[in-house]
Amino acid sequence: MLAKSVLILAACSVALAAPDAPPTEATPPVGAAPCIACRAPVAEPAALYSLEDWAALQEGAVLRQPVVLEVEPDDTSGATRAESLIRRPPANVWTVLTDFERWPEFMPLIDATRVDRRVGAKLWVEQRYSIMLMPFGHTTIYELDPRDGRLTWNLDEAAPHDIAASVGAWALLPLGAGDETLVRYDARMRAGRALPEFVERMLRDRSLEQMLAGLRAEVLRRFPEN
């Protein structure tokens with residue numbers, strides 16, 4: 001995912017209810033794709049944003065703010081959160097976000113990706129990228145939870161890697177009737193190579209905006225309005 005300093009430098013089984021039990025989510029037909037983000041909380045803009053921030057999201061802006069992940073709280077270097085609004089259903093966004101081998105077409109800095117293997121909901125994805133003409137690479141372990149609309153990841157430390165740490169999550173939150181999606185990206189990354197802090201921060205912020213803008217543009221391109 002973007003690696004080196006954020007990009008550095010610079011996402012079912014259903015139990016049958018008893019007759020008197022409350023209604024449960026319907027079991028999808030055999031072979032049907034799972035519903036996407038059907039268990040995710042519906043985003044309420046008025047509760048999450050100021051009027052100014054919500055207007056900015058509606059106009060295509062990417063909101064950024066520092067965030068402390070619930071992982072290794074003693075080390076929050078590179079921790080960040082970014083949010084964007086995509087005017088398409090979560091299923092459309094999920095289709096593009098989990099199309100890992102096409103990430104180089106719309107994700108900044110990524111030169112190549114390859115799904116090395118898959119075990120259940122986990123995928124090992126090799127990624128190559130360039131920072132200031134310098135090549136880097138690592139393998140990321142992604143875990144897919146489509147019904148919660150979450151894609152979590154961590155660095156595969158058993159494979160060769162040019163960054164020190166990477167952990168985070170993409171979350172897709174449906175809006176209103178579910179025809180729009182709030183995309184939230186949380187990450188903590190450490191470069192592992194000495195870089196001036198202001199350069200790392202500048203590249204991280206720019207990469208975040210380019211990454212979410214690229215994802216939004218690709219979703220709209222693949223799923224044009226009827």
Are the charged groups of R88 and E180 less than 4.0 angstrom apart, N to O? no
Can any side-chain N or O of E101 pair as donor or acceptor with the backbone N or O of V115 at less than 3.5 Å? yes
Can you tell whether the side chains of R114 and D116 come within less than 4.0 Å, N to carboxylate O? yes
Heavy atoms, side chains only, cut-off 4.5 Å: are L97 and L151 in contact? yes
Given 3.5 Å as the limit, does a donor-acceptor pair link the side chain of D156 with the main chain of A158, or not? yes
Non-hydrogen atoms of L182 and E83 that approach each other most closely: CD1-CB, 4.5 Å
Which atoms form the tightest heavy-atom contact between T181 and P89, and what is the distance? OG1-C, 3.2 Å
How long is the gap from CZ on R102 to OG1 on T95, to the nearest 0.5 Å? 11.0 Å
Is the centre of the F223 ring less than 6.0 Å from the centre of the W94 ring? no
Shortest non-hydrogen contact between P90 and G178, atoms and distance: CD-O, 3.4 Å
For R81 and D186, what are the C-alpha separation, side-chain angles and deciding distance, and is it a salt bridge (Lys or Arg N to Asp or Glu O under 4.0 Å)? CA-CA 5 Å; R81 165 173 289 178; D186 287 320; 2.6 Å; yes
Spacing of L144 atom CG and R150 atom CZ [to the nearest 0.5 Å]: 12.0 Å
Given side chains that start at C-beta, do those of L215 and V219 come closer than 4.5 Å, heavy atoms only? yes
Looking at D179 and R87, is any side-chain nitrogen of the basic one under 4.0 Å from a carboxylate oxygen of the acidic one? no
Evaluate the side-chain proximity of E143 to W153: yes if any heavy-atom separation is below 4.5 Å, no if none is. no
How close do G60 and R216 get, counting heavy atoms only, and between which atoms? O-NH2, 3.0 Å
Ignoring hydrogens and geometry, is there a side-chain-to-backbone donor-acceptor pair from R118 to G120 under 3.5 Å? yes
So does D111 pair up with R128, basic N to acidic O under 4.0 Å? no
A side-chain contact here means heavy atoms from C-beta on lying under 4.5 Å apart; do V119 and W124 qualify? yes
R147 side chain vs C35 backbone, donor-acceptor pair below 3.5 Å: no
Beyond-backbone contact of L172 with V183, side-chain heavy atoms, under 4.5 angstrom: yes
W170 vs W103 aromatic rings, parallel, tilted or perpendicular, using cut-offs 30° and 60°? perpendicular
Please tell me if the side chains of F106 and R222 come closer than 4.5 Å, counting only heavy atoms from C-beta onward. yes
Could you tell me whether a side-chain N or O of T113 sits under 3.5 Å from a main-chain N or O of Q127, the two making a donor and an acceptor? no
Within the structure provided, determine whether L85 and Q58 are in side-chain contact (heavy-atom separation under 4.5 Å). yes
When every non-hydrogen atom of G176 is compared with those of V42, the smallest separation belongs to N-CG1, 4.0 Å
Would you give the length of the straight line joining atom CG of L57 to atom OH of Y49, rounded to the nearest 0.5 angstrom? 5.5 Å
